[in-house]
Amino acid sequence: MTASSFEGIPVTKRARMNVYFDPELLKQVEALSLRRKVSKSAIIEAAVASFLSGDTADRLEAAMSRRLDKLGRQIDGLDEDLAILGETLSLFIRFWLTITPPIPEAGKDAARAKGVERFEGFMQMLGKRLATGDRFLKELSRDVETTNHNLD
């Protein structure tokens with residue numbers, strides 16, 4: 001058996017190096033070592049090799065590009081949701097203004113009190129729906145998907 005092989009497997013020679021780390025950084029390295037079940041030396045070696053390699057900028061750019069693409073898709077979804085909400089609100093307001101008759105002067109106080117009562121009920125229902133995760137747009141999406149499947 002030679003120093004450069006062990007049972008046919010080449011053994012690389014390693015040089016020992018003592019370095020100093022910030023205690024917090026060392027804790028992170030130790031935690032990663034335990035999670036991945038690899039030696040601290042292997043983690044440090046991989047980090048230094050990555051730092052010294054020329055493709056670090058390319059990998060970073062690719063990772064940033066993937067994240068930006070994901071954010072772009074999320075923004076597109078939010079934009080669509082906002083357009084649906086805007087159209088829904090404008091249609092409701094137009095409908096409400098069209099069918100609501102003017103209130104006679106004598107009934108305005110009672111109508112105002114009823115409006116406050118209804119608004120309180122609306123706010124309670126809104127709070128419950130937001131707390132449980134029920135969303136109008138999710139229901140709308142399910143309804144539209146069901147309708148589209150039935151049309152096929």
Side-chain angles (χ1 to χ4, degrees), residues 12 14-152:
T12 58
R14 305 229 186 255
R16 183 175 183 91
M17 177 182 201
N18 293 324
V19 295
Y20 295 95
F21 285 96
D22 178 86
E24 285 302 312
L25 183 60
L26 188 55
K27 285 180 186 176
Q28 290 176 357
V29 170
E30 289 171 345
L32 182 62
S33 172
L34 291 173
R35 272 196 321 271
R36 298 238 176 126
K37 296 180 177 27
V38 295
S39 70
K40 291 181 274 186
S41 292
I43 292 170
I44 300 300
E45 185 177 0
V48 171
S50 176
F51 181 79
L52 295 175
S53 72
D55 66 344
T56 303
D58 293 339
R59 284 190 292 166
L60 181 60
E61 184 179 343
M64 291 297 289
S65 178
R66 284 190 302 274
R67 289 180 187 141
L68 287 172
D69 287 345
K70 182 179 179 183
L71 286 172
R73 288 190 301 276
Q74 290 173 337
I75 288 172
D76 289 344
L78 289 173
D79 188 42
E80 183 178 340
D81 291 351
L82 186 59
I84 291 170
L85 287 173
E87 285 300 312
T88 302
L89 182 61
S90 66
L91 287 172
F92 172 77
I93 291 170
R94 177 182 285 166
F95 176 75
W96 184 78
L97 290 173
T98 302
I99 66 161
T100 304
I103 299 171
E105 200 62 41
K108 285 190 178 184
D109 288 337
R112 195 171 284 118
K114 192 63 166 173
V116 168
E117 180 185 326
R118 287 178 177 172
F119 185 74
E120 290 293 326
F122 167 76
M123 292 303 290
Q124 287 177 0
M125 180 60 72
L126 178 64
K128 286 178 187 175
R129 288 181 65 93
L130 292 176
T132 60
D134 290 339
R135 300 287 197 270
F136 168 73
L137 292 176
K138 285 182 185 175
E139 289 176 12
L140 181 65
S141 296
R142 286 191 298 260
D143 291 345
V144 168
E145 288 172 9
T146 302
T147 304
N148 287 342
H149 289 303
N150 290 339
L151 294 175
D152 294 337

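- A side chain to side chain donor-acceptor pair (under 3.5 Å) check over residues 32-46, counting only residues at least two apart or in different chains, returns the pairs R14-E45.
- Annotation: side chain to side chain contact (heavy atoms under 4.5 Å, CB included) contacts of L97 (sequence neighbours excluded): I93.
- To the nearest 0.5 Å, atom CD of residue E87 and atom CG of residue L82 are 10.5 Å apart.
- Within the model, atoms CD1 of I44 and CG of L25 stand 6.5 Å from one another, a figure rounded to the nearest 0.5 Å.
- By the neighbour-count criterion of 12 heavy atoms within 6.0 Å, atom CD of E30 is densely surrounded, having more than that number from other residues, nucleotides or ligands.
- Residues meeting the side chain to side chain contact (heavy atoms under 4.5 Å, CB included) test with K128, sequence neighbours left out: none.
- With rounding to the nearest 0.5 Å, the separation of CZ in F122 from CZ in F119 is 6.5 Å.
- Contacts classified as side chain to side chain donor-acceptor pair (under 3.5 Å) and involving residues 63-76 (residues at least two apart or in different chains) are not found.
- Residue pairs meeting the salt bridge (charged side-chain N to carboxylate O under 4.0 Å, His left out) criterion with at least one partner in residues 91-104, sequence neighbours excluded, are absent.
- Closest non-hydrogen pair, V29 versus I43, comes out as O-CD1, 3.8 Å.
- Legend: residues meeting side chain to side chain contact (heavy atoms under 4.5 Å, CB included) with L52, ordered by chain and number and at least two apart, are V48.
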